[in-house]
Visitor: 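Submitted below is the structure of interest, expressed as structure tokens.
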Amino acid sequence: MLNESVELVPVPNTMKIHQIINNVDSANSISYRCLCCFCEKSRPGFCDCLNLKSADLQTEMLNEKSIPSKTSITVLADIKNTQENRSYFNLRQYGPFNLKQINLKTDIARKSLKENSHDRMKKCSKKRKIKDIHLKTNKKLKTEEESSTDEDMTISVHDTSDEEYHITDDILSDDDYLDHMDYQLKEQKNVTNLRKISDTSKIEREKIEQSSHEDKKNTYTSKETREINIFSNENQGVVKTNLAGQSVIATTLQDDENNFDNANNDSEVTSKINTDIWRLSFKDTVLLRGAEGTITYVICIIISRWRDRIKMPVPDRAGLKIVHIDVKDIRFPTSLGGHGSDALHTDPNYSCAYVTITSENGKQGYGLTFTCGRGTEVVVFTVRALKKFILGKNAADIFADFAGFWRAITNDSQMRWIGPEKGAVHLAVAAILNSLWDLWARLENKPLWRLLVDMEPEELVSTIDFRYITDVITKEEAIKLLKSKQASKIERVKYLLENGYPAYTTQVGWLGYSDELVKQLCNKYLNLGFTHFKVKVGLNLEDDYRRCSAVRKHIGEDKFLMVDANQAWGVNEAIEWMKKLAPLKPMWIEEPTSPDDVLGHAAISKALKPYGIGVATGEMCANRVMFKQFLQSGGMQFCQIDSARIGGINEILAVYLMAEKLNVKVCPHAGGVGLCEMVQHLQYWDFASLSGTMEGRLIEYVDQQHEHFYDPCVVENARYLAPKLPGYSTQFLPETLQKYAYPNGSEWQRMFKEGLFSPPDEAELANA
Ligand SMILES: C[C@H](O)[C@@H](O)[C@@H](O)[C@H](O)C(=O)O
């Protein structure tokens with residue numbers, strides 16, 4: 001009697017073994033190199049396809065004695081799955097042996113997958129080149145009589161990048177799963193006809209409802225139940241496995257294989273098929289003892305079902321429960337020197353709400369949101385109010401469903417009244433989200449931009465909540481945009497590492513600076529290699545003209561001048577004012593009017609277009625919906641996302657994607673505390689993964705507060721150099737916290753004492 005081992009591994013398209021080129025026996029394994037084709041012909045057996053590729057297979061045996069001879073290996077033709085572009089690879093082995101491990105190694109180019117894939121398949125995040133699939137069971141598989149009933153199995157999949165993925169529960173714990181699980185496998189001879197038809201689920205579930213209490217308890221503890229029907233030459237069976245992975249039971253079908261209605265009840269079936277009940281650690285694996293006289297191992301691994309519900313490459317959950325959130329009010333006395341001053345923010349003290357999250361195993365993530373001094377305490381309070389959404393959650397779970405988490409923290413039924421998605425509450429969300437992304441990148445040991453770049457388009461997009469923006473961009477379109485740049489991504493990463501990313505300076509023209517200082521700074525930044533210079537305007541036209549003329553004179557005609565009014569004007573006033581400054585050839589006017597006036601910006605853009613002046617805005621744009629309107633209406637020609645105002649990277653990615661689709665350049669806002677540190681990561685990602693170009697794009701640079709960070713941005717020769725340390729570059733040095741925590745930091749205490757600042761008020765003292 002033959003003992004058979006069949007490994008069934010879905011591959012993206014039909015793969016047929018044409019020929020075993022060679023096989024190599026070692027002490028306890030046999031490797032095969034086979035020639036396979038991937039043609040579309042669905043009939044089983046060989047074809048005349050000339051496009052053969054090689055695949056490596058390896059079978060490991062537990063004990064030497066049982067190694068079958070070379071001739072006893074037969075590789076069966078494969079059968080194409082007609083329902084979805086998925087097919088199966090069958091390896092049958094004859095001869096008694098104890099199965100320890102089966103490895104399937106294939107290095108199949110998944111070209112055909114790309115070309116032919118079914119829509120659903122397209123949604124799958126991991127169209128991986130599968131290299132290894134390991135199935136391990138501690139159990140020495142024995143004869144039928146000796147078999148035991150509870151064994152754990154583990155399955156891991158390696159792709160060609162040598163990443164390892166474990167097939168785990170979470171990819172299955174989704175309603176979509178059943179809908180997408182249809183597959184069918186037929187094999188000509190003895191063993192199998194393996195089928196899963198989701199339509200039968202309902203019927204089967206009803207049967208389950210009717211079956212005995214004990215059966216229900218043992219077998220169908222979770223509400224989602226999957227059935228895998230197995231037909232052997234002598235018996236037909238149904239294997240049911242619940243999603244909690246507790247048990248699998250085999251039953252037979254006596255009738256026509258398609259007639260699931262006629263499935264017998266469990267007890268009849270079990271006696272007929274002699275099946276065991278297995279405990280499975282992974283639900284998409286069924287190990288079934290088959291018909292009498294044979295031992296049939298059916299292992300079904302649903303790799304192509306990495307699915308809609310993305311199997312995010314998230315870190316292991318162990319120890320990642322978030323057990324602590326700390327938030328601090330950090331302020332720097334920048335107003336003393338007029339640094340950062342503009343038409344409306346005349347005396348900013350560059351500040352931030354600084355969040356530190358700590359997980360059970362002591363890992364930390366740091367995030368912040370930029371503020372201008374007073375009011376930081378409000379954001380700090382708001383972070384505290386949002387703690388409940390994150391404390392006690394496992395960070396890995398958050399990353400695995402980041403969009404879901406984002407929706408939860410931004411849309412609490414009560415909290416949303418003080419937003420929604422705007423103001424202090426959204427600033428607080430940004431600080432928390434930034435700390436989570438920082439933690440994730442640290443756990444992956446990558447700078448954040450690399451974490452983003454390395455994500456598959458589906459994974460990246462899965463972090464975004466597309467509510468309210470699908471009229472401009474859908475998830476599918478976003479994936480398509482990213483995919484169109486996938487192939488050349490690595491070259492651009494290399495370019496970034498070698499060349500950095502261009503920067504412009506705002507340092508030369510703060511409104512509070514004297515003409516002399518402006519002149520000195522122009523020289524300084526020219527010597528540092530800068531070609532783009534931004535000057536603050538908006539208080540007095542005459543002054544603006546004088547200062548901008550001076551800057552134009554210092555930098556020369558071949559360099560670029562930008563002006564920034566920080567919302568100083570009404571719409572018509574903005575147009576008139578800018579017409580007066582037009583002879584100085586500013587490249588853009590930034591924030592000419594209220595940050596909420598979408599149509600006003602569109603009118604200004606239209607009026608200034610003939611003068612070659614674009615409109616830039618975004619640093620105070622509240623959320624992706626406002627950005628959507630600015631982008632749609634022609635209200636911004638330069639999109640200035642801010643890394644700490646809208647809801648973290650999740651929402652920022654949505655803005656980048658919309659801007660890309662609507663062909664608007666993103667030049668991020670920076671300068672405020674930690675903003676340069678963060679936006680460099682975003683713009684790096686954009687160049688590598690999305691826009692693929694630097695044309696007309698620049699990152700703002702202001703040389704302030706960098707010395708307080710553990711991983712400060714580095715700008716050399718007017719280019720941001722690639723951040724290299726793990727994380728989002730948002731961690732402060734301990735000394736900074738000790739000095740600038742407001743109001744009790746040593747520097748603040750000193751300044752209060754010296755009368756440089758008035759002491760904190762009641763609200764600010766609440767943070768003390
Ligand atoms: C108050 C701040 O310094 C702002 O003036 C600043 O962020 C500015 O808008 C900029 O674009 O850098």
Side-chain angles (χ1 to χ4, degrees), residues 330-353 368-376 379 427 430 503-513 517-518 521 525 530 532-539 544 547-548 551 560-569 574 586-596 601 614-622 630 636-646 665-680 682-683 697-706 713 715 718 720:
I330 305 295
R331 304 188 192 186
F332 301 95
T334 49
S335 61
L336 293 177
H339 312 304
S341 54
D342 64 49
L344 297 197
H345 313 97
T346 46
D347 61 345
N349 280 333
Y350 271 25
S351 308
C352 67
L368 57 85
T369 188
F370 173 58
T371 46
C372 276
R374 285 185 295 280
T376 310
V379 184
L427 288 168
Y504 75 85
T505 177
T506 306
Q507 202 91 19
V508 295
W510 297 117
L511 214 60
Y513 283 1
L517 185 56
V518 170
L521 289 167
Y525 284 94
F530 282 84
H532 292 71
F533 301 77
K534 191 163 88 183
V535 176
K536 296 288 176 181
V537 295
L539 271 191
D544 287 352
R547 293 167 72 251
C548 290
V551 172
F560 296 84
L561 170 71
M562 295 96 108
V563 292
D564 184 357
N566 289 88
Q567 312 154 27
W569 307 312
M587 173 175 139
W588 75 46
I589 167 63
E590 184 171 324
E591 291 202 295
T593 190
S594 158
D596 298 342
H601 277 80
V615 170
T617 189
E619 70 182 68
M620 286 219 179
C621 188
F630 276 107
M636 58 166 64
Q637 286 74 59
F638 298 93
C639 172
Q640 297 182 305
I641 53 102
D642 180 295
S643 53
R645 177 168 294 276
I646 65 174
K665 299 175 180 77
V666 179
C667 296
H669 170 238
V673 179
L675 299 186
C676 298
E677 273 65 30
M678 289 188 273
V679 292
Q680 54 177 345
L682 303 172
Q683 205 71 352
R697 292 159 170 84
L698 298 148
I699 309 177
E700 180 171 10
Y701 178 62
V702 175
D703 193 5
Q704 281 184 191
Q705 286 86 42
H706 304 303
C713 64
V715 172
Y720 274 85

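Keep in mind that what you see is a predicted model, and the values were worked out from it rather than measured. First listed ligand is number 1; within each ligand, the first listed atom is number 1.
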Visitor: Of all residues at least two apart in sequence or in a different chain, which pass the salt bridge (charged side-chain N to carboxylate O under 4.0 Å, His left out) check with Asp342?
Guide: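 Asp342 satisfies salt bridge (charged side-chain N to carboxylate O under 4.0 Å, His left out) with no other residue.
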
Visitor: List for me each residue that meets side chain to side chain contact (heavy atoms under 4.5 Å, CB included) alongside Ala565, sequence neighbours excluded, and say none if there are none.
Guide: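 For Ala565 the side chain to side chain contact (heavy atoms under 4.5 Å, CB included) partners, ignoring immediate neighbours, are Val537, Ala568, Trp569, Ile589.
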
Visitor: Go through the steps to decide whether Glu590 and Lys534 satisfy the test salt bridge (charged side-chain N to carboxylate O under 4.0 Å, His left out), and finish with yes or no.
Guide: CA-CA 9 Å; Glu590 184 171 324; Lys534 191 163 88 183; 2.7 Å; yes

Visitor: Is Ser341 reaching over with its side chain to a backbone N or O of Gly512, donor-acceptor style, under 3.5 angstrom?
Guide: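 Confirmed, Ser341 side chain pairs with Gly512 backbone.
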
Visitor: By side chain to side chain contact (heavy atoms under 4.5 Å, CB included), which residues pair with Thr593, not counting sequence neighbours?
Guide: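 Partners of Thr593 under the side chain to side chain contact (heavy atoms under 4.5 Å, CB included) test: Val571, Asp597, His601, Ile604.
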
Visitor: Just list the N/O pairs, ligand 1 to protein, that are under 3.5 Å apart, with the distance for each.
Guide:
from	atom 1	to	atom 2	distance (Å)
ligand 1	3 (O)	Gly340	O	2.7
ligand 1	3 (O)	Tyr350	OH	2.5
ligand 1	5 (O)	Asp342	OD2	2.4
ligand 1	5 (O)	Lys536	NZ	3.1
ligand 1	5 (O)	Asn566	ND2	3.4
ligand 1	7 (O)	His669	NE2	2.6
ligand 1	9 (O)	Lys536	NZ	3.1
ligand 1	9 (O)	Asp564	OD2	3.3
ligand 1	9 (O)	Asn566	ND2	2.9
ligand 1	9 (O)	Glu619	OE1	2.7
ligand 1	9 (O)	Glu619	OE2	2.7
ligand 1	11 (O)	Lys534	NZ	2.8
ligand 1	11 (O)	Asp564	OD2	3.3
ligand 1	11 (O)	Glu590	OE2	2.9
ligand 1	11 (O)	Glu619	OE1	3.1
ligand 1	11 (O)	Glu700	OE1	3.4
ligand 1	11 (O)	Glu700	OE2	3.3
ligand 1	12 (O)	Glu700	OE1	3.4
ligand 1	12 (O)	Glu700	OE2	2.4

Visitor: So that I know where these two stand, are His532 and Tyr504 an aromatic pair - ring centroids less than 6.0 Å apart?
Guide: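 Not under 6.0 Å, so no.
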
